[in-house]
Amino acid sequence: MRIAEAVKEICKNQTEAGYPADFLTGRVVGVEPYEIRINEKLTLTEKFLIFTETAFGNGYGLDIDDEVALISSNGGQRYLVIDKIAEVE
């Protein structure tokens with residue numbers, strides 16, 4: 001399944017279940033295990049995260065201070081890490 005199709009399926013399922021999916025950004029604050037800070041009050045641990053192949057492009061993984069794009073599902077119980085956000089100069 002392609003990433004776009006997977007995202008559409010997640011959004012569709014969440015809307016049908018009464019839990020619309022939300023798009024978020026976060027910052028990697030820990031690796032091994034991964035932790036992603038969404039805001040001052042919310043840091044997600046690896047047990048709440050699902051990673052796409054794209055998020056780990058070429059096997060390099062994510063580094064501390066990388067900004068990432070996420071989609072929340074299941075009413076905020078699981079978060080799909082889509083990819084690292086590129087810096088535009």
Side-chain angles (χ1 to χ4, degrees):
M1 182 180 289
R2 301 185 77 164
I3 187 78
E5 293 167 354
V7 170
K8 286 179 187 177
E9 185 69 22
I10 289 170
C11 292
K12 178 183 170 214
N13 291 342
Q14 293 308 309
T15 300
E16 289 174 358
Y19 298 110
D22 288 324
F23 174 78
L24 305 160
T25 61
R27 187 161 304 276
V28 177
V29 294
V31 294
E32 296 183 31
Y34 280 101
E35 293 183 347
I36 297 176
R37 179 173 294 133
I38 302 299
N39 58 44
E40 292 177 11
K41 295 181 181 182
L42 180 60
T43 299
L44 304 171
T45 60
E46 210 168 275
K47 73 178 187 176
F48 295 101
L49 302 172
I50 304 167
F51 295 91
T52 64
E53 183 75 25
T54 307
F56 288 104
N58 298 322
Y60 294 113
L62 300 170
D63 294 318
I64 291 185
D65 284 333
D66 282 348
E67 190 172 7
V68 294
L70 305 104
I71 296 176
S72 71
S73 65
N74 294 335
Q77 297 299 310
R78 299 292 297 209
Y79 294 80
L80 176 66
V81 182
I82 301 169
D83 204 349
K84 182 168 35 173
I85 296 174
E87 293 183 29
V88 178
E89 296 180 17

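Bear in mind that the values here come from a model prediction, so they are computed numbers and not experimental data.
Atoms CG and OH, on Leu44 and Tyr79 in that order, are 5.5 Å from each other to the nearest 0.5 Å. Rounding to the nearest 0.5 Å places CD1 of Ile82 at 9.5 Å from OG1 of Thr54. Atom CZ of Arg27 sits about 12.5 Å away from atom OG1 of Thr43, to the nearest 0.5 Å. The distance from atom CD1 of Ile71 to atom CG of Asp22, rounded to the nearest 0.5 Å, is 9.5 Å.
Counting heavy atoms from C-beta outward, Pro33 and Thr45 have side chains that stay 4.5 Å or more apart.
Every residue meeting the side chain to side chain contact (heavy atoms under 4.5 Å, CB included) condition with Ile50, not counting sequence neighbours, appears here in chain and number order: Arg78, Leu80. Asn39 meets the side chain to side chain contact (heavy atoms under 4.5 Å, CB included) test with Lys41, Leu42; sequence neighbours excluded. In this structure, the side chain to side chain contact (heavy atoms under 4.5 Å, CB included) partners of Ile85, at least two apart in sequence or on a different chain, are Thr25, Glu67, Ala69.
For the pair Ser72 and Leu24, the tightest heavy-atom approach, listed with the atom from each and the gap, is CB-CD1, 4.1 Å.
Hydrophobic cluster membership is shared by Tyr34 and Ile64, with clusters built from Ile, Leu, Val, Met, Phe, Trp and Tyr side chains linked at under 4.5 angstrom.
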field: Working for side-chain contact (heavy atoms from CB on, under 4.5 Å), residues Phe51 and Leu62
entry: CA-CA 10 Å; Phe51 295 91; Leu62 300 170; 4.1 Å; yes
